[in-house]
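Nothing here was measured: the structure is a model prediction, and the numbers come from that model.
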Amino acid sequence: MRAPAAGTGHEPASPKRRAKPDPVDRMLAVVPWYNGLPRLERDMVRAELRVVSLRAGERLFREGSKSLGWYGVVDGLVKWSSRGSDGRSLSLAGFSTGSWFGEATMIRREPFEYEVVALRPSQVVILPRDTCERLWNNNIAFTKALMTHLAQRVNWLMASYTGNVLLDVDTTVARAVAAQLNAEQHSDNNGRLKISQEEIASLCGVSRQRCNAALTRLARLGVLQTHYRGMTILDREGLYRHAKLNREPADHPADMPA
């Protein structure tokens, strides 16, 4: 039997390429409060989100800027820090994929008292304040999620203050790694974190050499394994023990300070 000639219309159809999911939709897919909304409300929220792309080193906003709403990290890593009158900077937290932040300033309707800068190319969404207000006035689940978020932030800020005053560098570094592990706990990454040692050092406000020494000690203890621009957590309980954290938070405080 002769094979059909090329161009006769009998060639087997080439498989269709599956479109890649939009990064914003992929991030929202693991946000509990978003998925708890009715379908119509989810569609409205998705349409009202504003997307901002940042280059490494670019500020999302400066101290004194007006809050535009609630901020969520779609991809990348940004740092929350505050500058003193002498020009020195205090690192407060790292926000990675899935993090939401800025809710307290949004609720108070006051200017930001800190700045957020991208440590690597990042994409952030802004949920407008009017949208948030509509949700917290009409959706109990959203209001509960927002209040839980605020309570977790207060808890972690108290731990951060204690860490800055009392804890050594090894514990501070372990807390920074634990915070990033929490941030990515909904991702199927098997404990593999896409964060460099330099970024961990920046989040902790310590030199790269001191950070690397702390990570090396954790690696020798079998807690983690470092590799190019990342690390793999081998012992989650051990990491929390070295970070002097009693337990892993019930929800994922992706935006909580280390």
Side-chain angles (χ1 to χ4, degrees), residues 23-52 60-61 63-82 92-116 122-161 178-187 245 247-258:
V24 176
D25 292 330
R26 188 168 61 246
M27 186 268 277
L28 290 174
V30 294
V31 175
W33 65 258
Y34 176 79
N35 289 286
L37 298 174
R39 176 59 183 271
L40 179 60
E41 191 69 66
R42 287 203 307 272
D43 292 343
M44 291 175 63
V45 167
R46 179 65 180 87
E48 292 165 355
L49 286 174
R50 173 186 168 191
V51 182
V52 178
L60 177 63
F61 51 74
E63 181 181 352
S65 299
K66 179 182 178 182
S67 171
L68 301 179
W70 203 13
Y71 297 78
V73 180
V74 176
D75 187 43
L77 179 66
V78 300
K79 182 174 74 169
W80 168 23
S81 61
S82 179
L92 298 171
F95 303 123
S96 57
T97 302
S99 304
W100 289 87
F101 59 94
E103 64 282 344
T105 302
M106 173 188 67
I107 292 172
R108 297 199 317 268
R109 293 180 177 268
E110 295 179 358
F112 285 109
E113 298 176 350
Y114 54 88
E115 65 179 18
V116 169
S122 303
Q123 192 174 52
V124 176
V125 292
I126 305 173
L127 185 63
R129 190 188 190 284
D130 290 345
T131 303
C132 289
E133 189 168 2
R134 183 183 74 235
L135 289 172
W136 75 52
N137 284 334
N138 297 283
N139 189 286
I140 294 177
F142 177 83
T143 304
K144 181 179 179 180
L146 192 62
M147 293 303 101
T148 300
H149 202 88
L150 279 166
Q152 289 175 335
R153 187 177 306 285
V154 170
N155 182 56
W156 275 79
L157 281 172
M158 292 175 65
S160 179
Y161 175 77
Q180 296 309 305
L181 182 64
N182 290 340
E184 300 185 28
Q185 72 172 347
H186 291 297
S187 304
L245 297 172
R247 62 181 178 83
E248 186 174 352
D251 198 4
H252 81 298
D255 47 3
M256 300 305 168

(message) Before we go on, tell me: are the rings of Phe101 and Trp80 under 6.0 Å apart, centre to centre?
(response) no
(message) Set out, in order, the CA-CA distance, both residues' side-chain angles and the distance that settles side chain to side chain contact (heavy atoms under 4.5 Å, CB included) for Val124 and Asp75, then state yes or no.
(response) CA-CA 7 Å; Val124 176; Asp75 187 43; over 6 Å; no
(message) Just so I know, are the side chains of Val125 and Met27 near enough to count as touching, which here means a heavy-atom distance under 4.5 Å?
(response) yes
(request) Check the pair Tyr114 / Ser81 against side chain to side chain contact (heavy atoms under 4.5 Å, CB included), numbers first and verdict last. (result) CA-CA 6 Å; Tyr114 54 88; Ser81 61; over 6 Å; no
(request) Could you go through the side chain to side chain contact (heavy atoms under 4.5 Å, CB included) check for Cys132 and Met106 one step at a time? (result) CA-CA 9 Å; Cys132 289; Met106 173 188 67; 3.7 Å; yes
(message) Contact between Arg109 and Arg129 at the side-chain level, heavy atoms closer than 4.5 Å - yes or no?
(response) yes
(request) Answer yes when Glu103 and Arg108 have at least one side-chain N-carboxylate O distance shorter than 4.0 Å, and no when they do not. (result) no
(message) Could you tell me if the side chain of Leu150 sits less than 4.5 Å from the side chain of Ile107, heavy atoms only?
(response) yes
(request) Go through Glu110 and Thr105 one step at a time and tell me if the side-chain hydrogen bond (donor to acceptor under 3.5 Å, both in side chains) criterion holds. (result) CA-CA 6 Å; Glu110 295 179 358; Thr105 302; over 6 Å; no
(request) Return yes when atom CZ of Arg50 has more than 12 non-hydrogen atoms of other residues, nucleotides or ligands closer than 6.0 Å, and no otherwise. (result) no
(request) Might you point out which heavy atoms bring Gly64 and Pro111 nearest each other, and give the distance in Å? (result) O-CB, 3.6 Å
(request) Check the pair Val24, Val51 against side chain to side chain contact (heavy atoms under 4.5 Å, CB included), reporting the backbone distance first and the verdict last. (result) CA-CA 8 Å; Val24 176; Val51 182; 4.0 Å; yes
(request) Indicate the atoms forming the closest heavy-atom contact of Gly76 with Ser122, along with that distance. (result) CA-OG, 3.5 Å
(message) Consider side-chain contact (heavy atoms from CB on, under 4.5 Å). Of Thr131, Leu28, Ile126, which one does Leu49 pass it with?
(response) Leu28
(request) May I ask you to decide if Phe61's main-chain N or O and Ser65's side chain share a donor-acceptor pair within less than 3.5 Å? (result) no
(request) Considering non-hydrogen atoms only, spot the tightest contact between Asn35 and Val30 and give its length. (result) ND2-N, 4.0 Å
(request) Measure the shortest side-chain to side-chain distance between Pro38 and Asn139 over non-hydrogen atoms and say whether it is less than 4.5 angstrom. (result) yes
(message) Testing Val73, Val78, Leu77 one by one against Ser96 for a side-chain contact (heavy atoms from CB on, under 4.5 Å), which residue passes?
(response) Leu77
(message) Please tell me whether Tyr34 and Phe142 form a close aromatic pair, meaning their ring centres lie under 6.0 Å apart.
(response) no
(message) Could you measure the distance from the OG1 atom of Thr143 to the CG atom of Asn138? Nearest 0.5 Å is fine.
(response) 8.5 Å
(message) Counting C-beta onward and ignoring hydrogens, is there a side-chain heavy-atom pair between Val45 and Leu135 closer than 4.5 Å?
(response) yes
(request) For the residue pair Leu127 and Tyr71, establish whether any side-chain heavy-atom pair is separated by less than 4.5 Å. (result) no
(request) Mind listing the closest non-hydrogen atom pair of Val52 and Leu60 along with its distance? (result) CG1-CD1, 4.2 Å
(message) Could you report the tightest heavy-atom contact between Pro23 and Gln123, atom names first, then the distance?
(response) CB-OE1, 3.8 Å
(message) Strictly below 4.0 Å, N to O, side chains only: are Arg134 and Asp130 in salt-bridge contact?
(response) no
(message) Salt bridge check, Asp25 against Arg46: does any charged N sit closer than 4.0 Å to a carboxylate O?
(response) yes
(message) Are Trp33 and Trp70, when compared by the centres of their aromatic rings, separated by less than 6.0 Å?
(response) yes
